Amino acid sequence: MLIRAVLHRIATGLVTLVVVSVLIFLGTSVLPGDVASIILGQMATPESLAALRSTLGLDQPAYVRYFLWLGDLLSGDLGVSKAGAGAGTGGTSISEMIAPRLINTVQLAGAVALIAVPLSLGLGLAAATYPGTRLDRSITLSTLGLVSVPEFLVATALVLVIAVYLGWLPATAYVSGTETGMALLKTLALPTLTLVIVASSQIIRMTRASVLNVMSSPYIEMAVLKGLPRRRIVLHHALPNAVGPIVNVIALNLAYLISGVVIVETIFAYPGLAKLMVDAVQTRDLPLVQACAMIFCSAYILLVFIADLASILSNPRLRYPQ
């Protein structure tokens with residue numbers, strides 16, 4: 001049953017999120033040093049460190065801190081930044097710190113998705129429609145080369161060519177929130193282009209492979225024998241049955257855009273959520289690191305759930321299992 005399959009995936013996602021929360025808490029707890037030593041510096045005495053750790057609640061057992069943190073998350077409270085707390089102040093709300101950064105990351109990811117998804121589907125379908133031709137070989141070789149290139153190399157090459165040598169676009173992508181129109185487009189151009197190049201190659205290859213795999217089915221052979229044009233066969237018969245794997249790879253790449261743009265945001269000094277998490281790691285601001293990581297993991301699990309749901313809806317064998 002469709003409802004049973006959906007409920008099963010929802011339960012799996014919730015259990016996965018709980019397990020991930022435990023791993024995030026344990027992973028951040030083993031980081032060397034803590035925020036107290038960052039605040040007080042190298043000249044701090046053991047007594048002052050102990051007093052500040054007690055003030056910040058860092059001297060409590062790990063399991064107590066975990067359940068307090070998990071309870072706050074379930075109530076919608078992301079906590080307070082320890083790095084901004086100091087020795088006696090309340091600190092800064094993590095929600096206030098994350099909100100503008102999350103908007104920036106979603107803005108960048110949205111721009112990349114609007115360009116990469118239609119472009120990738122079009123090129124993948126073109127390669128599948130004319131397999132073995134010069135067009136197909138060009139697309140296949142190009143995507144194979146781009147898949148093998150890490151994003152930091154793509155970003156560095158684009159900065160050197162477009163920003164340094166040609167001077168067409170700024171080398172950094174810092175936004176203050178007041179940019180609009182052409183100024184905003186110029187600011188986002190290089191990081192967007194970098195992520196489009198990185199994400200599109202995988203979607204193109206999966207689209208081509210999925211469609212060609214369906215093209216070997218008996219009902220496709222029957223359509224060919226009936227004399228239907230190959231373009232019509234690909235778009236109206238093969239593509240609907242290849243939606244599942246394509247949506248999965250699109251969802252995984254969109255999840256990467258939300259959670260895996262640390263290198264791109266760092267290179268272009270883009271004030272996104274990933275850059276905020278990197279800064280929090282440097283200051284040992286564990287509540288901020290944990291909040292950012294949970295947002296990343298939640299977005300990833302949500303997108304994977306959407307991909308699974310699309311696969312179920314597009315495949316009758318999954319909708320009505322025997």
Side-chain angles (χ1 to χ4, degrees), residues 20-21 23-42 44 49 52-53 55-58 65 69 72-73 77-112 150-152 155-156 159 170-179 187-188 190-192 194-195 198 255-300:
V20 166
S21 70
L23 295 177
I24 289 173
F25 188 85
L26 292 177
T28 53
S29 298
V30 299
L31 288 174
D34 58 16
V35 68
S37 59
I38 297 294
I39 293 174
L40 297 180
Q42 298 180 352
L49 283 173
L52 183 55
R53 285 168 181 155
T55 302
L56 297 178
L58 301 177
R65 288 185 282 116
W69 171 66
D72 290 338
L73 282 181
D77 182 12
L78 297 181
V80 176
S81 171
K82 299 298 185 183
T89 61
T92 305
S93 171
I94 291 179
S95 299
E96 296 178 359
M97 299 176 65
I98 284 179
R101 298 297 191 100
L102 181 60
I103 292 174
N104 289 341
T105 296
V106 171
Q107 179 178 254
L108 178 60
V112 175
E151 58 267 23
F152 75 87
T156 304
V159 169
T172 59
Y174 179 78
V175 292
S176 60
T178 59
E179 295 84 359
T187 302
L188 295 178
L190 280 182
T192 300
T194 301
L195 293 173
V198 173
Y256 163 77
L257 294 179
I258 296 294
S259 61
V261 296
V262 176
I263 295 176
V264 173
E265 289 188 1
T266 302
I267 290 177
F268 292 104
Y270 185 74
L273 194 60
K275 183 67 166 58
L276 179 64
M277 184 175 178
V278 172
D279 296 338
V281 171
Q282 294 176 348
T283 59
R284 301 299 186 270
D285 194 352
L286 299 188
L288 183 55
V289 175
Q290 293 163 352
C292 293
M294 285 301 298
I295 291 176
F296 291 150
C297 295
S298 301
Y300 187 89

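Small disclaimer: the values here were computed from a predicted structure and weren't measured. Just so you know, residue 1 is the first one in the sequence shown, and it goes up from there.
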Are any non-hydrogen side-chain atoms of Pro191 and Glu265 less than 4.5 angstrom apart?
no
Locate the shortest heavy-atom distance separating Ala155 from Phe268; write the atom from each residue and the value.
CB-CE1, 3.7 Å
Gln290 versus Phe25: any side-chain heavy-atom pair under 4.5 Å?
yes
If every non-hydrogen atom of Ile98 is compared with every non-hydrogen atom of Ala291, which pair is closest and at what distance?
CD1-CB, 3.8 Å
With the side chain counted from C-beta on, respond yes when Asn104 and Leu273 share a heavy-atom pair under 4.5 Å apart, and no when they do not.
no
For Ser298, check side-chain hydrogen bond (donor to acceptor under 3.5 Å, both in side chains) against everything at least two apart and list the hits.
none
Point-to-point distance, once rounded to the nearest 0.5 Å, from CG of Leu276 to CE of Met97:
5.5 Å
May I ask you to test the Cys297-Ile24 pair for a side-chain heavy-atom distance under 4.5 Å?
yes
Locate the shortest heavy-atom distance separating Ala293 from Met277; write the atom from each residue and the value.
CB-CE, 3.9 Å
Can you find a heavy atom in the side chain of Ile267 that is under 4.5 Å from one in the side chain of Phe152?
yes
How long is the gap from OG1 on Thr194 to OH on Tyr270, to the nearest 0.5 Å?
13.0 Å
